[in-house]
Amino acid sequence: MLNFKSTYTMKQIQFKLIIICSIFVFFTISCSKYLDRKPLDAITSEDFFQNPTQINQSLTGVYNAYGARTVSPGLANPTTYYSKMDLYTEIGLERGLNGTIGSGAYNTGNGTVAEIWAIFYQVIQRANTLLFYMPRAQASMNAADYARVQAEAKTLRGLAYWHLITFFGDVPFFTGPLETSEFYAATRKSKKEIITFLISDLESASTSMPWLSTEVGRVNRGVALGAAARLAMLDKRYDDVIRLTNNIITNSPYGLNPSFENLFRKSGQNINANNEIMFIYPFGDNDAGSFSYLNLVQGSRNQGGQSSHFPTQFLVDLFECRDGLNIAQSPLYNPAQPGRNRDPRMKHTVIVSGDTVVVQGFTSNVYSATNRLVHTFNPTNSTVTLSSTNNQDSSNIFGPRLNGCGNLWRKHTNDRDVNGTAGNLFKVGWVYMRFAEILLLNAEAKLENGSPATEVATIVNRVRNRVGMPNVSAAVLSNANAMKQLVRREKTVELANEGLHLADMRRWDDGAYAAKVMTGLVVGADLSNSTFVTGQGLVINNPAPIPSFDPVYLVPINYPNASTTRLTRETRIFNANQHILCPIPQGERDKANTLSQNPNW
Amino acid sequence: MKKTKWVFLLLACFFCVEQLLAQTAKLSGKVVDAATNEPLAGVTVIVKATKKGTSTNVDGSFTLNVKDGETIEFSYLGYATITTKATNDATIKLTAVTGSNLQDVVVVGYGTQKRNKISGSVATVNGEQLIRRPVSNVSMTLQGMSPGVTIRQGSGQPGADQGQINIRGIASVSGGNGPLIIIDGVEAANMNDVDANIIENVSIIKDASAAAVYGSRGTNGVILITTKKGIKGKTLLALNSFVTAQTPTNMPKTLSAVDNMILQNESRRALGPTQALPFSQAEIDLYRTTAPNNFTVFNTDWQDLIFQNTGLMQNHNMIVSGGSEKSSFLASGTYLNQQGLLTNNQFTRYDLRINGDINITNKIKFSTNLFYTKSTNIVPAGMSTTEIIQRSISMARNWAGKFEDGKYGNAGQSNSVNPIGMAENSGTTKTETPTISARFALKAEIIKDLFVEVAYNNRSSYTQSIRAGRTYSVYTPNPANSTLAYAGEFGVLDSSLNYTNNRFANNQYYASGDYSFKIAREHNFKVQVGMQAFDNYNESVSATRFGLQYPDRPYFGFATSPTQPQVGGSANENALLGYFTRINYDFKNKYFIEFNARNDGSSKFGATENKQRATFAGASAAWVFSKENFMSKVSVINFAKLRVSYGGLGNEAVIGGNYPFVGQLANNIDYYFNNTLTRGNAINNYPNISLSWEKSFQANVGLDINLFSNKLSVTLDYYEKKITDMLINVPVPTYLGLASNQTFIPANAGRMINKGWEFSTTYKNKIGKLNYSVTANLSDVKNKVLYTVGQDIFHGNNQISRAGYPALSYLLLRSNGLYQVGDNFNVPINGTRPTGAGDIRYVDANGSGVLNDSDRVVTGNNFPRYEFSTDFSLSYKDFDLNIFIFGIAKRDNYISGLGVQPFTAPNWFASGLETALGRWTPENPNAKYPRLFDGGNGNYVPSDFWLRNGAFLRVKHITLGYNVSKKWLDKISIQQCRFYVSVVNPFTFSNYEPGFDPEISNNTGAFYPIMRTTTVGFNVKF
């Protein structure tokens, strides 16, 4: 017979395949959890937001985003971005780099603009993430704590939107984590709608927080209402501003600190007399690594500063003399000694020629941006000598003379003379919001809303009297424009270098004010050398002419012979129909072409 | 090529009486392979006169109706066709021709297949070919071996000189591009897991259908490496050894001290006539008239002073193997030591491997592969080797290098770092990686033709990197009193000691069953199903403390600085689980069909939307049309096969971690409440829960032809590979609110296509005693990005993947030569650049009147096109000669930084290269380089002016070997003894930038040169 093996039947084949398959079924069952791999060294959004500790950690993350950040160009160090904001206005200057926001000569690709956009959206994202996920932990938290955490996150979110609207006008508006479909498709929501939402959001959140922060550094009921008032002001909703600020003024335990200076010194901040400071960015008392670098960017180069933030001469000259008159009118003003007889807030806000900069344990100096050598001051016996030390403020190409127009900021770096806070390492917190701002918001809104000048003056006088400035004069009370400009000036000088002026500058008269004060050559302090006179201090040898004041805005605007008598910098550009808003960053529009651009950018 | 002679055994079993009576007999028989005694299936058996016939079935048997006395022809691929009379003779023995590789067994995914049956695109390389190339790593031995397999070497640094492998172009713009590497069935971390000496063969799977059995991760191709095994009944002792001297292929030449001074002055003078010059005329004159004395006049040859190491490489390998009927065994040990060019730079590797097979019963076979490697890499602690070399080519010769008494010169730069001191005396970083891997496998024949195999493999490695820093002093000569003044301390300040430990563990589980059967007589099937699971665990710990007192004793007991010690650590894991199947079908040994499919799950994708699993399938078919009747008259064609394949493959190489589907929280997002640090957390990434597999679909058409008695073989392939759902790190708007460094999210967001062709041919013949063979490979692949969700994907600053252009194209300003005297320099406005004659004329590509980044255009690409190689092998009596030539016909290569810009370095005083002598001057208006201008004047911003032609032709290897005569060896019981000398990279032909090697991409002047080597070695087998 034939010896061929017969071919297999289908049945046999099936049988064998079943054997094979059953082997793999075994493996499959044993491996069902095999692909379930979660991060080992990080907590995930899936297992987070489960308990009060995690919720509080997440809230801390929101504060972190709002807090210690730097806006470039600048140094990568813990300075709050608020310290940059006034440098984009007529009262401040950044170190001269091409294309700063203040100069107006920048474009849609500007890195600072992109960074400001990004950091505030980071605050918003962190707040939204927390708000979205926190219901997971609701059952495990007591209701009051839960509501307070929610309210704090909403307050920080509201403040972030206030910044964004200030800079950009209409912006993409998110109140929760983004859906994938929104990644590239965000559109800008009108600022009116956003503000409407946020005012009620913040007002309702405010009731879940106490007037006084549970811990220093947290927001509270007043901050929520204040943030809502700032937002309402951006849209000129004066009724809302009055209602919100009246609530604070009437019901809160806040008042004015009798010492203006103490608001910006560590010891004063710790006491916080009359609870004037409502919201502050604090540094760690016992942590050597926690300190503000503000002195590095604001301080004198003779004492370790790397000056890159400066006040303008405009601000210096905006401070009244003690008699309540401006420097062009007051008989008390001596251009050879510009720091004398001035509004006491001036010396706590800026450093001008002839002022002393004192650091215990270090050489103190009599500030001059023009002399080639440093005048040193001995605080023990109050004597001044001309040392042979080269004056870095005069000679360094990034120093105040060659770059900064001759003046320095003092506010927030006033603690140089506190023993033990040597060098650049000091712990003065940044004041985000204080009661004086609430008063002035209230005053401005009332004035705009047609309240009697006397009523407004009562509020403004509280702020003026605290530093010893006289009441609003009868002449001003009787002149509607003078009253209006006084309120504005009061806001500008009281809150200078607190990061709040940009919103005002852009809002006032819809850009007409800004166009007036931002355009033209940036002028500074006197070019002239000075001489030390016993009993008087430094006296400028050949003072530059006193500026004349704008007839409408009543601000120092015309500096005769400025280019030969004063330090100067670039000619600033400000087109009211363009620079009133920053451009939406080009990088964002490249990614999301649904984003429109602001006019004329 | 085995010299084994193949024999046909034809067994005529018996004849049927009835058939005989009818004058027609039914002839039955069996055809077997004489060497292995295994039946040969599919042998064509025809009656020559009538052309009627049949073929043998799976057990080699056949039946055929024949008339008495008719001639019968037996033909089979790779065996000589024989004709014989149909008689009662039981056995006919015949000799087959040599020279055909068609019967070679090729390793394919999870199995083997005979070369002639393969329907996909699979290239093979024999282990013998690899060890003819005495280089330190396996990847470079594969360069040019197969068309479509691009291997680029970017560095000659010991321990880091592997080639980067791309099979059929770039498959992903930001995900993984390297092929899957499988060594003896185990996925390897990289090619360094295997030593070249022990490789039996390498299969490179290029098309989708063949790789589909690896489904998920086969998208970049698969390289299968099989190591040697012991052979039954043969005991073997083999020694392979070589010693190599290494020198750089090419190094840029630095300007002489005097030229450096003159040209630097020229560059400063370009700023304006009143500029203070760096060198006074008196100083230049002093240098002109005085011989260098290394005290007041210097001519420091930095390269010479830095390249103080021997550059010697040695590799010694011993293999012992043996086997009996029941078991076989092979052990291999290799020692590699590769000295770098710099002091304190070397790489050492020990490699031990044991392969064993035991037949537990006739039906159950156990096998194991064990290997242990330990690599040790030593580099200077204070500065990377590439930066030291960068300084060696760019530091000016008129600064002090090293004084007679061995003191280091204060090299004058702003921070006075002396690179010689950095190499010799800044301490060392020693990185040791022991790896151990063990595989156990059982294979059983459950019932006839049903095999089941299960295997487990564990691979663990533990990397420990110890950086023990120290400082060295530098001195400034003081000519006034002829002494050296101490100028400072450099190196690793604070003598920091750092340990970084990394533990890596990988488990692999494998099970498969295959079953062969046939339906009807000539329909042969093989079905395989299997599963594979794979998991990785990775953990690291690092610690740093300052103040190491004794740099030679790098232990924390001696690092006592109170400065805050730092510790850190991390861990992650991932897993894969796949099921696969393969069905092979062949009919009459002429038609082949293969189907592969795999379902894979990856832990890198989210389970919530069921994104973990994906199925990939491929099919291929081949037609050996040379066996068709109509081809029988075309006698020059011995074999011809047409192949087609199509299939889908995947890729899970997500950028940015193993958990892109989940938001991870960053710690230390802290804040001070009540002036006290309070811990915070924040989401660090936007999760993409719908992220899933990247997919590719590849179609391949191929042709294999053997001509002229198999002397000439040709392989041609054309393919198109389309990648969809490409894994890309897509830029996202910052309004998503991620951390500023997280402006990307991984997404399936791109499409791309690769089209390419490959040609390979080999001609083998002999003239008398001269045997020779020539192999030529030529291939090209064209890439085009089709879609990236409308986003430009940047790779660094100058390279971009943009829809409509090849991936990783250059994005550069376009230049239009150099401005000449009298040109209008203000059009277009160049920002604040004071343009003058001799500056690069940039093109205002967008016509905006302003030059800026938006004028950059996509121009040129670094990926090689038209890659070619030729291999000549000759043997005459006892001598053999091999010459291997490799080249790339089209490629753009961008050069920047110190490679082009003289006198500018981040923090040292740079010289220029000799090319600076060719700068533009009014007398040299057709210069190749722009005028010298202190600060560069915008001439060195990324532009196509610095895009160089990266094409080259390189004689890669020349090896001459001598085999000691058999008659002498037999007397001392040695089977084989071969001595050889070899040179690697002896000649290069290129139009590239002088001093630079065209194989190194995007050279910034910071590189470790590729080596030209000379080797002597021997192979002995006992």
Side-chain angles (χ1 to χ4, degrees), chain A residues 2-5 7-8 13 16-17 19-21 23-24 27-28 31 34-46 48 54 57-58 60-61 63-65 67 114 117-118 121-122 124-126 129 172 178 180 183-184 186 215-218 282-287 290 587-588 591-592, chain B residues 13 28 59 61 446-447 450 452 511 513 515 517-520 527 529 531 533 535 569-575 577 579 601-603 607 612 658-659 662-665 669-683 687-688 690 731-740 789 791:
Chain A
L2 293 177
N3 196 19
F4 295 136
K5 186 166 66 183
T7 54
Y8 295 112
I13 294 163
K16 283 158 189 173
L17 287 173
I19 295 176
I20 297 167
C21 291
I23 292 167
F24 302 115
F27 273 96
T28 316
C31 296
Y34 192 70
L35 297 179
D36 187 16
R37 310 274 169 157
K38 295 288 157 56
L40 299 171
D41 57 2
I43 303 294
T44 73
S45 51
E46 288 175 11
F48 203 67
Q54 292 181 336
Q57 282 180 0
S58 182
T60 302
Y63 278 96
N64 171 282
W117 169 278
Y121 274 108
Q122 186 173 24
I124 291 162
Q125 178 270 119
R126 288 189 183 173
T129 303
L178 272 72
T180 319
F183 281 7
Y184 298 101
E215 290 177 296
V216 175
R218 291 195 184 277
F283 291 92
D285 282 345
N286 303 313
D287 186 344
S290 172
E588 293 291 275
K591 290 169 205 151
Chain B
C13 291
S28 294
D59 57 2
S61 57
I446 307 271
I447 49 174
L450 171 61
V452 171
Y515 179 55
F517 60 94
K518 66 194 296 172
I519 295 173
V527 177
V529 290
M531 67 79 68
D535 58 83
S570 65
N572 65 77
E573 60 177 357
N574 71 303
L577 176 61
Y579 306 96
S602 166
S603 68
Q612 288 189 322
N658 287 335
Y659 317 101
V662 68
Q664 293 186 63
L665 275 87
I669 310 296
D670 302 335
Y671 202 76
Y672 291 92
F673 293 118
N674 278 350
N675 305 320
T676 304
L677 191 70
T678 310
R679 289 287 170 210
N681 264 305
I683 278 201
N688 186 349
S690 51
V732 288
T734 50
Y735 61 63
L736 267 65
L738 298 168
S740 54
V789 288
Q791 306 292 325

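In what follows, chains are A, B, ... by sequence order, proteins preceding strands, each numbered from 1. Keep in mind that the numbers below use all heavy atoms, side chains included, and drop hydrogens, waters and symmetry copies.
For the residue pair A:E588 and B:T734, a side-chain donor N or O sits within less than 3.5 Å of a side-chain acceptor on the partner.
At a 4.5 Å heavy-atom cutoff, the contact between B:D535 and chain A is made by backbone and side-chain atoms alike. For B:N674, the parts sitting under 4.5 Å from any heavy atom of chain A are the backbone and the side chain alike. Residue B:A607: no heavy atom, backbone or side chain, is found under 4.5 Å from chain A. Proximity to chain A (any heavy atom under 4.5 Å) is shown, for B:S690, by neither the backbone nor the side chain. Interface remark: A:I124 contributes no atoms to any contact with chain B (heavy atom separation under 4.5 Å). When heavy atoms are compared at a cutoff of 4.5 Å, A:F48 approaches chain B solely by way of its side chain, counted from C-beta outward.
Of all the heavy atoms in A:Y63 and A:R218, the pair that sits closest is OH-CA, 3.3 Å. Taking each heavy atom of B:S570 and A:D41 in turn, the nearest pair found is CB-OD2, 2.9 Å.
Annotation: side chain to side chain donor-acceptor pair (under 3.5 Å) contacts of B:E573 (sequence neighbours excluded): A:R37.
Remark: side-chain polar atoms of B:Q664 are not paired, donor with acceptor, to backbone N or O of B:I683 under 3.5 angstrom. Although no hydrogens or angles enter the test, the distance criterion places a donor-acceptor pair under 3.5 Å between the side chain of B:D670 and the main chain of B:G680.
Between chain B and the residues A:P172, A:A186, A:G587, A:A592, the largest count of heavy-atom pairs under 4.5 Å involves A:A186. Ranked by heavy-atom pairs under 4.5 Å with chain A, the first of B:A682, B:S602, B:A571 is B:A571.
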